Participant: 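Have a look at the structure that comes next, please.
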Amino acid sequence: MDFSVIDWDDILQATLDTLTMTGVSLVFTILLGLPLGVLLFLTGKKQLLQQGALYALLSFVVNMLRSVPFIILLIVLIPLTLFLVGTSLGVAGTIPPLVIGTTPFFARLVENVLREVDKGIIEACQAMGAKTHQIILHALLPEALPGLLAATTVTTIALVSYSAMSGVIGGGGLGDLALRFGYQRFQTEVMIVTVAILVILVQLFQWLGDVLVARFTRK
């Protein structure tokens, strides 16, 4: 193999594009998914704001979005993406489907993490007269922080995978580079390098997530 044929500027730009898509999408996923996950938890059975009908509706929407393969979601959301950002290509055109694809995934992780919080903490807060928003902000979320960080790590890695998949429709980043050069032009060297970078990114994000979880876990 001749790695000298690789345009390393393209590799660098594709890596930066992947990091941009992952980072921006992660911010919006957390902003949307965290409240949704908290609401799913609160409206669940035997919880603070138990609402069976609302929980069933939210759960249905979350499950429906999660059941659609991301590659299909990319195509289905092209009209919405065009409306939101004016293009369905490149970094900008990939962010909306990334957010829509991972928000329900993250929300369900958040719900599951919150369910693991000791109910005694919530009951103690209620006994002291704390209101619902105070319980959420000062007891529930701080207590669940290690689990939420772990959920964020899993979501980040999923975003890296999804961003690479977006190359199928010209989404930019490492996936697009691997498809255009590694697959369509039979440049195996490009495919190997892009895969290696993706593996390194996943390992890096997982290591960072593990460090943060360990840092904030109470011993």
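Predicted model, so just to flag it, every value in this text is computed and none were measured.
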Participant: Going from CG on Leu201 to CG on Leu174, what distance comes out if it is rounded to the nearest 0.5 angstrom?
Facilitator: 7.0 Å

Participant: Which value, rounded to the nearest 0.5 Å, describes the distance between Leu148 atom CG and Leu212 atom CG?
Facilitator: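 That separation rounds to 12.5 Å.
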
Participant: Do Leu36 and Ile30 sit in the same hydrophobic cluster, where Ile, Leu, Val, Met, Phe, Trp and Tyr count as joined when their side-chain heavy atoms come under 4.5 Å apart?
Facilitator: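 As far as the 4.5 Å side-chain criterion goes, Ile30 and Leu36 are not connected within one cluster.
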
Participant: Kindly say whether Ile100 contributes a backbone atom to a donor-acceptor pair with the side chain of Thr103 at under 3.5 angstrom?
Facilitator: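 Flag not set: sc Thr103 to bb Ile100 has no pair under 3.5 Å.
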
Participant: When you compare the side chain of Thr152 with that of Phe106, does any pair of heavy atoms fall below 4.5 Å?
Facilitator: yes

Participant: State, without any angle test, whether Asp17 and Gln13 hold a side-chain donor-acceptor pair at a distance under 3.5 Å.
Facilitator: yes

Participant: Looking at every heavy atom in both Leu198 and Ala164, which two are closest together, and how far apart are they?
Facilitator: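 Nearest pair, atom of Leu198 first, then Ala164: CD1-CB, 4.0 Å.
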
Participant: Could you go through Leu98 and Phe28, starting from their C-alpha distance and side-chain angles, then the distance that decides it, and tell me whether this counts as side chain to side chain contact (heavy atoms under 4.5 Å, CB included)?
Facilitator: CA-CA 10 Å; Leu98 282 175; Phe28 282 104; over 6 Å; no

Participant: Determine, using the 4.5 Å side-chain heavy-atom cutoff (strictly less than), whether Ile75 and Met165 are members of one ILVMFWY cluster.
Facilitator: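 Yes: a chain of side-chain contacts under 4.5 Å links Ile75 to Met165.
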
Participant: Once you round to the nearest 0.5 Å, how far does CD of Glu123 lie from CD1 of Ile135?
Facilitator: 10.5 Å

Participant: Out of curiosity, Ile11 CD1 to Leu16 CG, how far, rounded to the nearest 0.5 Å?
Facilitator: 11.5 Å

Participant: Check the hydrophobic clustering (I, L, V, M, F, W, Y; side-chain heavy atoms under 4.5 Å; chains of links allowed) and say if Val99 and Leu80 are grouped together.
Facilitator: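 Yes: a chain of side-chain contacts under 4.5 Å links Val99 to Leu80.
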
Participant: Can you tell which of Val24, Thr18, Thr102 makes a side-chain contact (heavy atoms from CB on, under 4.5 Å) with Leu159?
Facilitator: Thr102

Participant: Just one of Thr194, Val193, Ile192 clears the side-chain contact (heavy atoms from CB on, under 4.5 Å) bar with Val190, so which one?
Facilitator: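 The option that passes is Thr194.
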
Participant: Main chain of Leu149, side chain of Thr153: is a donor-acceptor contact present, judged purely on distance under 3.5 Å?
Facilitator: yes

Participant: Carefully, step by step, assess Asp210 and Gln206 under the rule side chain to side chain donor-acceptor pair (under 3.5 Å).
Facilitator: CA-CA 6 Å; Asp210 290 343; Gln206 185 63 62; 3.0 Å; yes

Participant: Do Leu74 and Ile95 belong together in a cluster built from hydrophobic side chains that touch within less than 4.5 Å?
Facilitator: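 Same hydrophobic cluster.
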
Participant: Write down the atom of Ser163, the atom of Met21, and the distance for their closest heavy-atom approach.
Facilitator: CB-CE, 4.0 Å

Participant: Just how far is it from atom CG of Leu204 to atom CG of Leu19, taken to the nearest 0.5 Å?
Facilitator: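 If we round to the nearest 0.5 Å, Leu204:CG and Leu19:CG are 9.0 Å apart.
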
Participant: Where do Val38 and Leu141 land on the side chain to side chain contact (heavy atoms under 4.5 Å, CB included) test, with the steps shown first?
Facilitator: CA-CA 9 Å; Val38 172; Leu141 292 180; 4.2 Å; yes

Participant: Heavy atoms only: give me the nearest Ala144-Leu114 pair and the separation to one decimal.
Facilitator: CB-CD2, 3.7 Å

Participant: Could you report the tightest heavy-atom contact between Thr81 and Thr87, atom names first, then the distance?
Facilitator: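 For Thr81 and Thr87, the tightest heavy-atom pair comes out as CG2-O, 3.2 Å.
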
Participant: Find the distance between CG (Leu49) and CD1 (Ile136) and round it off to the nearest 0.5 Å.
Facilitator: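 If I round to the nearest 0.5 Å, the distance is 6.5 Å.
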
Participant: Is there a side chain to side chain contact (heavy atoms under 4.5 Å, CB included) between Asn63 and Arg108? Walk through the geometry before answering.
Facilitator: CA-CA 9 Å; Asn63 290 338; Arg108 190 64 81 182; 2.9 Å; yes

Participant: For side chain to side chain contact (heavy atoms under 4.5 Å, CB included), just list the numbers for Thr156 and Leu208, CA-CA rounded to whole Å, side-chain angles, deciding distance to a tenth of an Å, and then say yes or no.
Facilitator: CA-CA 11 Å; Thr156 303; Leu208 181 59; over 6 Å; no

Participant: Any idea which heavy atoms bring Pro104 and Val62 closest together, and the distance?
Facilitator: O-CG1, 3.6 Å

Participant: Please tell me whether Leu77 and Tyr162 are part of a single hydrophobic cluster in this structure, the criterion being side-chain heavy atoms less than 4.5 Å apart.
Facilitator: yes

Participant: Of all heavy-atom pairs between Ile121 and Ala139, which one has the smallest distance, and what is that distance?
Facilitator: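 In terms of heavy atoms, the two residues are closest at CG2-CB, 4.1 Å.
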
